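FYI, side chains are in, hydrogens and waters are out, and symmetry mates aren't considered; it's all heavy atoms of this structure. Quick caveat: nothing in here was measured; it's all calculated off a predicted structure.
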Amino acid sequence: MDLDKWIDIGYNLIITFGPKLLGAFVIWIIGSWVIKKLVKGTKKVMTKGNYDESLQKFLLNLLNWVLKIILIIVVLGTVGVETTSFAAVLAAAGLAIGLALQGSLGNFAGGVLIMIFKPIKIGDLIEAQGQMGVVKQIEIFTTKLTGLSNKEIIIPNGALSNGNIVNYSTEGTRRVDLVFGVGYDSDIKKTKDVLMNILTSHPKILKDPAPLVALTELADSSINFVVRPWCATSDYWAVYFDVTEQTKEALDAAGIDIPYPHHVEIRKNA
């Protein structure tokens with residue numbers, strides 16, 4: 001084959017594919033620029049929304065790759081490559097991966113919902129999925145709590161976002177609910193005064209909302225009083241233990257009986 005023939009072939013290829021290649025190159029340059037701007041803009045929005053850093057990186061990478069795959073398909077179609085089958089293969093692969101990772105995707109979606117609606121944040125004391133602890137870290141797929149006994153609790157975000165969450169830190173204060181029983185011979189007013197004096201003299205119990213002492217039940221062997229002081233969330237257990245201990249000491253000092261079960265032993269005659 002002589003040189004002229006090669007030149008003709010090259011010329012025909014340039015005429016046939018040159019515009020398509022040039023168009024594909026232009027689309028790639030413009031598309032890459034647009035993707036960069038979209039990712040950058042999305043990052044700014046997420047930063048202003050105080051999204052978790054790990055979630056930001058994951059979502060931005062995901063957005064970047066999805067847009068680049070779409071751009072590649074468009075470029076291939078511009079060149080003349082049949083993209084219908086290529087897109088079908090991608091769709092089938094995406095479906096297979098989605099089914100295989102269904103639980104993980106649910107947890108990912110749950111993590112996104114937690115980040116968007118913010119029912120909890122790091123440092124909150126919460127109760128969820130039968131567990132109680134302080135939120136230590138909110139990750140893409142799981143949320144980590146530090147339990148009250150300093151154990152690590154890991155809860156899948158899917159279950160966390162779809163279940164009930166009790167957040168004890170949202171309001172900043174918490175009510176301590178206690179019940180104490182005294183004997184039927186005890187003076188009701190005196191008992192209430194003793195219990196209220198404990199609450200009003202404790203440095204960690206709030207004045208507002210005011211603490212409450214009230215007779216709640218005439219039980220089988222005791223008169224029961226509810227004792228409900230308010231305190232800062234961080235002081236809950238200190239108030240709980242202090243009031244319990246001080247109540248026993250104060251009732252004993254006031255001569256007020258605290259009933260307890262009496263076991264009577266019955267012996268059969270030999």
Side-chain angles (χ1 to χ4, degrees), residues 37-67 98 101-178 199 202-212 227-244:
K37 291 294 182 181
L38 285 174
V39 172
K40 188 175 180 180
T42 304
K43 183 178 181 180
K44 287 183 178 180
V45 172
M46 297 177 75
T47 301
K48 288 182 179 179
N50 293 322
Y51 285 77
D52 182 73
E53 184 178 355
S54 58
L55 180 60
Q56 282 191 43
K57 291 180 179 179
F58 182 84
L59 289 179
L60 291 174
N61 286 333
L62 181 63
L63 176 64
N64 184 55
W65 279 108
V66 169
L67 292 176
L101 300 176
Q102 187 173 5
S104 297
L105 291 175
N107 290 329
F108 167 74
V112 173
L113 291 175
I114 291 172
M115 292 297 176
I116 292 175
F117 295 104
K118 298 180 180 178
I120 61 175
K121 63 180 184 299
I122 293 175
D124 284 353
L125 174 64
I126 69 168
E127 184 177 355
Q129 298 298 308
Q131 302 290 339
M132 177 182 285
V134 177
V135 179
K136 181 175 72 172
Q137 193 171 358
I138 303 173
E139 298 181 340
I140 295 174
F141 299 106
T142 61
T143 293
K144 294 181 179 180
L145 311 181
T146 299
L148 300 181
S149 59
N150 205 35
K151 60 186 177 182
E152 184 177 72
I153 302 169
I154 301 175
I155 302 177
N157 284 336
L160 186 62
S161 63
N162 290 321
N164 295 327
I165 300 175
V166 180
N167 193 328
Y168 295 104
S169 301
T170 303
E171 302 300 327
T173 58
R174 190 175 174 189
R175 191 181 72 187
V176 183
D177 294 341
L178 297 166
L199 304 184
H202 197 288
K204 293 184 177 180
I205 292 178
L206 302 176
K207 307 300 181 185
D208 184 24
L212 171 70
V227 176
R228 294 179 175 175
W230 289 82
C231 64
T233 301
S234 58
D235 294 331
Y236 177 86
W237 289 111
V239 171
Y240 183 97
F241 294 132
D242 285 353
V243 172
T244 301

Practice prompt. Let me see the working for L178 and V243 under side-chain contact (heavy atoms from CB on, under 4.5 Å), right down to the final yes or no.
Written response: CA-CA 9 Å; L178 297 166; V243 172; 3.6 Å; yes
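- Between L38 and L67 the shortest heavy-atom distance is CD1-CD1, 4.0 Å.
- When atom types are taken as modelled, the side chain of T233 and the backbone of Y168 share a donor-acceptor pair closer than 3.5 angstrom.
- From T143, atom OG1 reaches atom CD1 of I120 across 4.5 Å, with rounding to the nearest 0.5 Å.
- One N or O on the side chain of N167 and one on the backbone of P119 form a donor-acceptor pair closer than 3.5 Å.
- Judged purely by atom type and a 3.5 angstrom limit, S161 has no side-chain atom pairing as donor or acceptor with the backbone of I114.
- The side-chain heavy atoms of K43 and V39, taken from C-beta on, include no pair separated by under 4.5 Å.
- Judged by distance alone, the side chain of N107 and the main-chain N or O of G158 form a donor-acceptor pair under 3.5 Å.
- Heavy-atom minimum distance, P211 versus P229: CB-CA, 4.0 Å.
- Residues K121 and V135 are not in side-chain contact: their nearest non-hydrogen atoms beyond the backbone lie 4.5 Å or more apart.
- The structure places CD1 of I154 at 6.0 Å from OG1 of T142, a figure rounded to the nearest 0.5 Å.
- With hydrogens and angles disregarded, a donor-acceptor distance shorter than 3.5 Å links the side chain of Q129 to the backbone of A159.
- Applying the side chain to side chain donor-acceptor pair (under 3.5 Å) criterion to K136, with sequence neighbours excluded, gives E152.
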Worksheet item: Hey, mind stepping through Q137 and E139 against side chain to side chain donor-acceptor pair (under 3.5 Å) and telling me if it holds?
Response: CA-CA 6 Å; Q137 193 171 358; E139 298 181 340; 3.3 Å; yes
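- One finds the CD1 atom of I122 at 11.5 Å from the CG atom of L145 (value rounded to the nearest 0.5 Å).
- Taking every heavy atom of both residues into account, S169 and G123 meet most closely at OG-O, 4.2 Å.
- With values rounded to the nearest 0.5 angstrom, Y240 atom OH is found 10.0 Å from D177 atom CG.
- Heavy-atom minimum distance, L206 versus C231: CG-CA, 3.8 Å.
- Separation of atoms CG (N157) and CD1 (I138) is listed at 8.0 Å; rounding is to 0.5 Å.
- Y236 is listed as a side-chain neighbour of V176, based on a closest heavy-atom distance under 4.5 Å.
- Counting heavy atoms from C-beta on, the side chains of D242 and K204 never come closer than 4.5 Å.
- A heavy-atom distance below 4.5 Å is found between the side chains of W237 and L148.
- In terms of heavy atoms, I165 sits closest to A128 at CG1-CB, 4.3 Å.
- Shown here for M132 and I153, the closest heavy-atom pair between the two residues is O-CD1, 3.7 Å.
- Residue K207 places its NZ atom among more than 12 non-hydrogen atoms of other residues, nucleotides or ligands, all under 6.0 Å distant.
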